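Bear in mind that the values here come from a model prediction, so they are computed numbers and not experimental data. So that the names make sense, note that chain A is the first sequence line, chain B the second, and so on, each numbered from 1.
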Amino acid sequence: MEALQHLKAELAKASSPAVMVLASPAVDAACGKNGLSLAELLRPFGIIRQLNGTVGVPVRTPAEHPLRLHSWRLRFYGAATMFQPSPEAADAHLRAVLAGGAGEEAGADPPDLQELLEAAAAGGGRAADATPWFRAYRREYLRLMQFGEHEATDHPVACVLALPSDYEGDLAAGFAALWRMPALPPLMQAGAMESAAVLRHYVLRPPPPPAGLGAWLSEGDISGLAAFVHELAVRGVISHMEARLRALNAQVTANRKGLKNQLKSLLWRKAGPASGGGSDSPATSAPGTPSAAAAAGSGGSPAAASYTPGSVEAAMRQLSDLALALGDYDTAASTLRLLASDTRADRAYKAYAGVQEALGAAAVLAGAPPSEAAACYKEALHRYSQLTTTNPRNREGVRYATRAVLLLSDYLRAVGQHADANWALMKAHFQEDDLRAGLLLEQAAHCLLALQPPHVRKFAFHLVLAGLRYDMCAQRSLAHRVYRLVLGVYRGRQWALIEEHLHDVLGRQAREAGDAAGAAQHFMAMLACPHNSPHCQRLYLTQFTEVLQAAQAQLGFPLVLSLPLPVVNCEHVGVQHDGQAAYSGVEAHQLSPQAWQGLEAALQPGLDVHPSSTWLDGGSRAARLNEGGEEGSTRCCCAGEAVGLDVELHNPLQLDLALTHLRLACSWEPAAGAAGGGQVPEGSPTGAQGSAGEQAFQLHEESVTLHGGERVVVHLRVVPLRPGTLQVHGLSWLLNGVAHGQAAFCIPQPCPRKPGSSSKVLIDAERPAPTGVSFRVLPPMPRLEVSVSGLPPTLLAGEVVRCTMRLRNSGAMSLHRLSMAAAAGTGIFLQPPSSPAEGSASSATAPAPPAAAGSSPSGGGGGPAELVSSLRQGTAVFRLPAVRLGVGQELELPVWFRAAHAGPTLFALAWRYEPLVHMEGLACRTLRFARSVEARPGLHLAARLAAGVGGCVPGGCLLQAQLHNLASDALLVTGLACPSRSWRLCEEAANSGDGSSSSRPSALRIGSDMSAALYRQLVPAERGAAAAQDTAGPLDSSLTGAEAGLLEASRHAAAVVAPKQLQPPAGQQQQQWQQQQRRRQQQDEEEGGADVVVLWQAGSQEGAPLRRGFTCLHNLRQHGAPPIAAQLRGPAHVRHDFGATPLCVVPLTLQLCNSMAAPATLAVELGKAEGQAAPLAAPTWAAAAEGSQAAGTALARSHSTLSSSSSAPVALVAAGALPPARQYAWCGRTRVLLPAVPPGQLVEVALSVVVQRPGKLAVTDCTVSWQFAQPPALSGSCTLPPLHVTVMPVASPQL
Amino acid sequence: MIVAAAVIAPNNSPLYLSTFGGDDESARLSTMVHCSLDAVEEKVAAGLRGTAPGDVPDAYLGLLSSEDELKVFGYVTNTRVKLVAVVDDPIVKDDEMRAQIFRRMHAAFVDAASNPFYQQGAPLASPRFDASIRTIATSLGAS
């Protein structure tokens, strides 16, 4: 409402009566001594608050409506100033006004968008505060658009003629001369302004004393002036206007109103254009009036036409404007409506638009509905714009349209119709010149902020358009301000194209303004533009480089910027520092930290004292161990040891970027309590100077060239030199040799944990702000370096390689309590150095400088190091308790590696050591060492233990080993071993009593891609003897100690890999579960499978070194062993004199062994193999005595047929086509039942067969069935493997 | 045809913005899409209407703005992801936009966002998604 009142006051002021002031030169000169003209002197008193006290002045309107004026206003103008300046002069003046207004405000920082939104929501004056220059511009613009020829608002209603009081001569003549002066307004001289009807008020002025600006105006002068103006208004102007109003009304009524005039007007106006010969001039009004119509005679556009002063239209306009000035809005509105219809009919659109504007003002002042006023203004806007649309050279229409839209937008904003205001301003800006278009666009944009919800994005877009217009008309400060305001809307919202455009414009503006540093900032923001073409990217980069060079030349020092190139991954930074755990190389990083922690956990000395009993204990212990390590709150490093940070850099462009002087930005603080030393802010490349003049750290610089789209990880190092705190904030670099860039790390910090809380994070805890990396720099510590020599890059799978491991203490203190851990399956074995072969390597050698050796005279430990190896948690642990390594001293140890399987293999081992002097914070250190090799396939071994094979002893089995050489060279198999508790290799020279045995066949050579098979019989070992033996003991002389160790580790690893019980038991069942486990373990050991080890050699040819290796299989179980081991035994050769006795009885023995733990019922059935009878005899039996093969076959068949029915002596039947018959028959019972065979017992059943003729026979049809009544309640049967018996006659057969 | 298509995240940052009218137009189209978000917010704040009472709200927002011969249409998903298309056809049917364009764009977006390697809120760089959007863009008016 405040805005509406303000607008109403403004409109009332604009429609208040104008008074012309004509002063003689003498009066002007006299007033000029005050610095003011007479009009200026009178002007402030034109505002009359109280007309005639509180009573007011009654005014009689033409419609006889009572009206009373209480406060009024007169506008005093000097006669010479009552004209409209030329557009050029007006624009020049307006530019000056804008420059004055904008110069102060536009330089300041643009307001925040939030502030603007709040101001827009508050409305009124606050919204206008965002663009203070516009207010002044608008005021001046409206002022300069006064005195239009098509409106009578500014026509003077009275004239004050002033002569000096000491005027000598005839006063009347003097006043008359004054009136005739050529200083009258141009319009009045042209006759457009009514001069005859102007009230002339004659004044004689005493000459005021000469003085400065108003300084000599006394109180009396001021009150005199006020009284004069009041008197003039009440006595002169009002009554004159009243009279003139009535006179004009009478004229209009006579000529325009009434039915007759209406009809006349209708006819004449319709006929007018037709009779005018196509001229669409507004011509005249009513016939008879001295209307000129001359103006339109040239056939010009209607816009150029206007009504002559004497026409009824001019009278109507005057009438309405006078009525408006007197506050008689009804008369004004009705007259204006009539005039509007007339002018519209006349197509005098300029006059029509002016009338609509006045109608709008009347509607606003009368408080009409907003739509009415808005419609009038919109019509005015439209018609004014049309003037320029039809005649583009006519800029007048645009100027008036702008005036109309200024009033319209103010009104609409005042009544809250911001969207309509935006529409009107946008519509008006199209035709305007750049400056005013920019201003209008800016206002249109601000209208959008007042909408609900605010259209912020459209606001920004309109501002961009405004900025463009400002830029085009060289209003740099305004354009700059607008763009900066817009940038706040878009920044950080990933609208890359728009941001790029804005930065481009801002950068160019700043460059043209000479602000190279500012331009560099904007051009820098455009650099990261991966969506652009390489050409464009190069252009941007060049542009930025040039500007930056200019800026650095201006400033005189290099500018360090937060360059977007390259993209630095500030959140994920790999930290490599040798705190508690150190990595010995790239390969060590291939293993996950969890795996390393598992290895290191096995090295903890406390584990021997309190072995973890359950997995729960073990887990918590491991977690506790980890807490002390890297997961702690601060990272530790030691003075003198490099700290490395892996930073990922990405080049988003398609160009190459050269980065030099790439280094970390660090600061150092001394430890709390340390003497002296403040913060050292930034490190120079050579290292920061501490307070004591020492270097606190040393930085290493890197250089890298990033190709297009490349993503690299750069390892940057800093070496702290003094204990304290080292803070790494970020990194800095030099781009393309010109631009200094920097980036700060913002590594997310984990949420703090409540002490003792089991939850991972506190939900409500505030996450600490991301920061850089800080290190606690500890005093110098021992540092172990491990290197291995002699390990080839490729191995054969299973090959055993002897290498030398060299341990060196490169730190600043002696170390001791060395221990090493390697996963059991890895295939690493450390030889006890005390063995004679490696005796020379066991003692620590000290090739270090004498100073280092002198610092620890006892370095190298006392005498030969003893090595204690053990297996712990699936990890092989080797300890060197007696070794002490001084500074710079070395120790060499023999080490064996073996890759069990083909493929890439990682040998990982962890060393743990302690400083000689216990330091706070770091009781021990570990070194993580790994070497990777590629293992090529070697000897492939497949083996099975086949039970129930003929010829095996009961309970024994046959080892079938298939060897296949996958290597490219020939391999020499030198031995086969089968270390087992329950089996041993059956040999002629069996070394009984040993739990394991091996055979050394004469070396078997297997060529590349060749196979070989080895068969060995295994017999059960004597259990009692085997149990007493230690299976882990040395196998044989064929296996070296290292190989035995590796084999043991391999076996252990295989046991670990075997499936375990996954579900941990609940607390109550734990003990029971442990018992079960123990029982199972015992059972496993009892039954224990066999290991098969094949020893081989390779490269034994000339030149190549001998390579040894072994391939092993662990825990082989018997394959296919029936619950009942049955074996048919008998003589292999029988000699019989068939001449003496036709039947030969061959005694056989059936050995049955119950291998189950329950008594079994056995049944032996003989001769019941009809189902497979047919093929039985043919290949196995050869008739030695018969001459004909066919006859023999027939005989065999008949025999088979017969013997199936009974086991009686066989009758020979010669039948040509009968199936082959058996050549033997079972004697005695064909079914033997053994009711209860106790477990483990060997039962022998005596059997016999009879043979009629000499020959080879295969005894096959013996079936053993079993049934276990008790658990495991098995039943089944098996047919025994054939027993081959050769029956020969005593005398050799006569051939 | 469609001259620009965009997928805007709920926080109004662009997940995908592709223009098919040439490079010189891309900044202007980008600005148009950006400005249309005001209209989206206005319409969403006013409440989405179903086609029938009790119906589920219609995700199709209709015409958001028009400038010269270009028209901007919008669609908002249940997760407040906005799909915006700028069309230069003088006559565009709402049904066609709803069914032919935005439903298919939505399906393509869902497919792209279902990629387990896609991180929510990150720009959609999937070439497959880009190809499907281009197919949809050229399909308008072709049928």
Contact class of B/N11 relative to chain A, heavy atoms under 4.5 angstrom: neither
Heavy-atom proximity to chain A below 4.5 Å, by part of B/L29: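 Contact with chain A: none, neither part.
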Distance in Å, A/H501 NE2 paired with A/Y490 OH, rounded so as to fall on 0.5 Å steps: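 Answer for the NE2-OH pair, A/H501 versus A/Y490, is 9.0 Å.
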N/O donor-acceptor pair under 3.5 Å between A/N651 side chain and A/L653 backbone: yes
Partner chain B: residue of A/H455, A/H531, A/K458 with the largest heavy-atom pair count (under 4.5 Å):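 Among the listed options, the one with the most contacts to chain B is A/H455.
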B/K71/B/D88 ion pair, N-O < 4.0 Å: no
Stepwise side-chain hydrogen bond (donor to acceptor under 3.5 Å, both in side chains) check, B/Q100 with B/S139: CA-CA 8 Å; B/Q100 297 285 324; B/S139 72; 5.4 Å; no
